[in-house]
S.K.: 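One structure, pasted below without further comment.
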Amino acid sequence: MNILNDFLAFDGIGLYCRYGNFYLDPQQPVQQAVISHAHADHAIAGNRQLYCTAPTADFMKLRYGKNAGGTFNTITWHQSFAIGAVEITFIPAGHMLGSAQVLMRYEGTDYLYTGDYKLQADATCEPIAWVNADVLITESTFANPAVLHPDPAIEISKLNDIKINILLGAYGLGKAQRLIRLINDYAPQKKLLVHHRIAPINAIYEKYGYKLGPCQPYNRKLMKNQDEYVYLVPPFTFDSYLRATGVKRLFASGWKNLQVNQQDTLFISDHVDWNDILHAVEQVKPQQIWTLHGDGSHLQKHFENRITVKVLN
Ligand SMILES: [Zn+2]
């Protein structure tokens with residue numbers, strides 16, 4: 001087993017694998033793109049050859065239409081395929097429907113790119129699965145011992161104490177569907193209304209067999225003189241209702257410090273926290289950890305003299 005230090009590197013376009021001539025979640029259109037999941041900061045339009053799961057392809061086609069990209073090669077879980085001399089396998093990442101970890105084997109060494117991933121239970125996506133790898137390439141956005149995510153069921157139950165209509169802002173893809181399911185499970189007396197931009201995404205979830213529970217299209221009349229409605233809107237709509245009166249405004253976010261007022265935030269994260277990352281390392285058993293998107297210094301300190309931690313940027 002020989003870990004190649006230059007197996008992956010950022011080159012201004014994205015995270016590039018020179019041994020297979022492909023990019024992971026490129027930031028500019030490329031010839032060969034492996035897409036971990038459909039969030040816009042990972043899945044841009046216009047790549048020529050795409051390798052992703054079927055739900056990811058559906059979400060990208062919904063968002064980008066005809067410009068989504070060239071050829072979508074949809075890949076089944078745990079089924080290996082090759083790009084150049086690199087053998088690739090998709091493993092569920094638990095972050096949102098269709099989100100994949102990308103396992104890359106080259107000359108007998110396994111490199112695991114997690115993409116965004118989470119360990120918390122989520123009835124709206126495939127649960128995370130574990131594989132061993134020599135190198136764990138993980139996001140480190142929340143790789144800080146001070147970051148511990150609360151139980152989403154307890155967060156969502158706060159809605160039960162609010163006795164007026166609620167305007168709930170959330171990202172429309174992934175987060176919104178998780179919230180719909182959580183509200184139906186933990187605040188079932190609430191009646192859910194969804195913004196017209198969220199409904200077609202819900203339809204893709206239903207297509208793959210993920211039941212979100214009752215919700216209906218927004219109708220202005222419904223919210224008049226009633227007090228049990230939750231109107232779920234994407235961030236741009238949420239911001240445009242800044243002066244809305246007679247409703248409780250809440251934003252669902254995984255960023256603890258994003259909202260100045262904690263009273264107006266539901267802290268629900270779709271990422272790993274510090275303990276989750278440590279758990280992932282136990283499961284994957286890597287020789288090395290390469291970190292992305294964040295601060296690798298806490299991991300470096302934690303694994304000092306045990307596991308090499310390299311910051312990729
Ligand atoms: Zn994401």
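All values below were derived from every heavy atom in this structure, side-chain atoms included, with hydrogens, water molecules and symmetry-related copies excluded. Order of appearance sets the numbers: ligands from 1, and atoms from 1 within every ligand. All values derive from a computational prediction rather than experimental measurement.
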S.K.: Determine whether the aromatic ring centres of Phe142 and His149 lie less than 6.0 Å apart.
M.R.: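 Yes; His149 has its ring centre under 6.0 Å from that of Phe142.
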S.K.: Quick one: ring-ring contact (aromatic ring centres under 6.0 Å, His included) partners of His78, sequence neighbours excluded?
M.R.: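 Applying ring-ring contact (aromatic ring centres under 6.0 Å, His included) to His78 gives none.
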S.K.: Measuring from Ile162:CD1 to Asn165:CG, what's the distance to the nearest 0.5 Å?
M.R.: 11.0 Å
S.K.: Is the CZ atom of Phe303 crowded by more than 12 outside heavy atoms at less than 6.0 Å?
M.R.: yes
S.K.: What count do you get for protein N/O/S atoms less than 2.8 Å from the Zn ion (ligand 1)?
M.R.: 4
S.K.: Among Phe72, Tyr64, Tyr205, find the residue that satisfies the ring-ring contact (aromatic ring centres under 6.0 Å, His included) test when tested with Phe59.
M.R.: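 It is Tyr205, the one option of Phe72, Tyr64, Tyr205 that forms the ring-ring contact (aromatic ring centres under 6.0 Å, His included) with Phe59.
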S.K.: Anything under 30° is parallel, anything over 60° is perpendicular, the rest tilted; go ahead and classify His37 against His42.
M.R.: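 Judged by the thresholds at 30° and 60°, the geometry between His37 and His42 is tilted.
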